[in-house]
Amino acid sequence: MIKNVTEKIVYIGVDDTDIDLFESQYLVPNGVSYNSYLILDEKVAIMDTVDKRKAEEWLQNLDTALDGRKPDYLVVQHLEPDHAGSIAMVMEKYPEMEVVASDKAVKMMPQFFNETKFEGRVMGVKEGGTLSLGGRTLHFAMAPMVHWPEVMVTYDSLDKVLFSADGFGKFGALSHDEEWIGEARRYYINICGKYGAPVQALLKKAATLDIAIICPLHGPVLTENLGYYIGLYDTWSSYRPESEGVLVAYASIHGNTAEVAHKFAEILRAKGAKEVVVRDLSRSDMAQVVDDAFRLSRMVVAAASYDSDVFPPMHDFLHHLALKGYTKRRIGIIENGSWAPSAGRAMRNIIDRFKDVSIIEPMVTILSRMKPSDISALEALADDVLASTCERCI
Ligand code: FEO
């Protein structure tokens, strides 16, 4: 797609609607976009390339938008292959073009492009570095770990545009019209969730700039109400819950633990819980449940015992939360076991390694099937969950 962002900044990115899994792990039912921009000033700069899956379409967009001009610079803000996958091709096509990237990216480039000759064509920049395009100057700010160490963002002080790399991106192709927040959160938590502190550092830098437009590397260009998006990024990157509510995530082999989880949700609702989300970890999109866990203020995990451990879908879920830096919460536990319940111990062992997360005691143990005698323990856990506050949240 080719579309003007401002008079001299043109969107030249591409949609990918036939990818099965983004990063070979994330479901993207509505596809994803790889964004790239062209700045047509006295000098011409390309802002990032696209995944090689869509290189041909992108090169056509570039050619059309150039309208006979030649690019002087390729600004590489992020080396992950969904953005850097077409660098070698475009370098070959425009042998006069120089690459501008962070010093860290310059060091990493040979790892990705060992057959491409970059000598004499690469300009490394540092924090505060600038590049004049004639009518405007690009200002570079390093954004390490948002989401790789070599990432930088770029501010065009003339049009007041922040090129924000992965920041403020979302899943979903641009051809698919949908509300920003859902797929932006699922993208942020799963891609950048672990890197809250670096995102906070970037937000502090952004706060010093007069920004009118945000141009991310995925999803729509943001032009209005930027405080809304920046506010959500502040919430997500500081690990504050976005909503008051309880996630009940369960891993059930034969349906008995599922029954307990749904009963527990019913109890929570009856006690006035604002929002209760129940997820079957065997059948849910893992990235969505991780998103739920970060979004909501409280969580209860319920799982069957399995091979003296915990049923693998729950192990997988808790491992994902550990990877993404889940923190500043309290968690309730329900375990199920028929002869030597082990799920609670196994879940506790993982949760104990989370930072600033504590377990709401006591956990509830169900023996095989929920019985009327179990209800009082579930009621008590529900009371504790609803009464619990996490010192550092909300
Ligand atoms: Fe969209 Fe970290 O790459």
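Atoms within each ligand, like the ligands themselves, are counted from 1 in listed order. Numbers for residues simply follow the sequence, beginning at 1.
The distance from atom 2 (Fe) of ligand 1 to the nearest N/O/S atom of Asp82 is not under 2.8 Å. Note on His78: not counted as a metal contact of atom 1 (Fe) of ligand 1, no N/O/S atom lying under 2.8 Å.
The closest approach of His218 to atom 1 (Fe) of ligand 1, by N/O/S atoms, is made by NE2. Shortest distance from atom 1 (Fe) of ligand 1 to His83 is reached at NE2 (N/O/S atoms only). Between atom 1 (Fe) of ligand 1 and the N, O or S atoms of Asp166, the shortest distance is to OD1.
Residues Tyr11 and Leu174 form a side-chain contact, since some pair of their non-hydrogen atoms from C-beta on lies under 4.5 Å apart. With contacts defined as side-chain heavy-atom distances shorter than 4.5 Å, the pair Val277/Arg295 qualifies. Looking only at side-chain heavy atoms (C-beta outward), Met97 and Ile46 come within less than 4.5 Å of each other.
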One pair to check against side chain to side chain contact (heavy atoms under 4.5 Å, CB included): His78 and His147. What are the steps and the verdict? CA-CA 8 Å; His78 187 11; His147 122 250; 3.8 Å; yes
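With atom 2 (Fe) of ligand 1 at the apex, His147 ND1 and Glu80 OE1 define an angle of roughly 90° (rounded to 10 degrees).
Remark: Asp159 does not engage Lys8 in a salt bridge, criterion side-chain N to carboxylate O under 4.0 Å.
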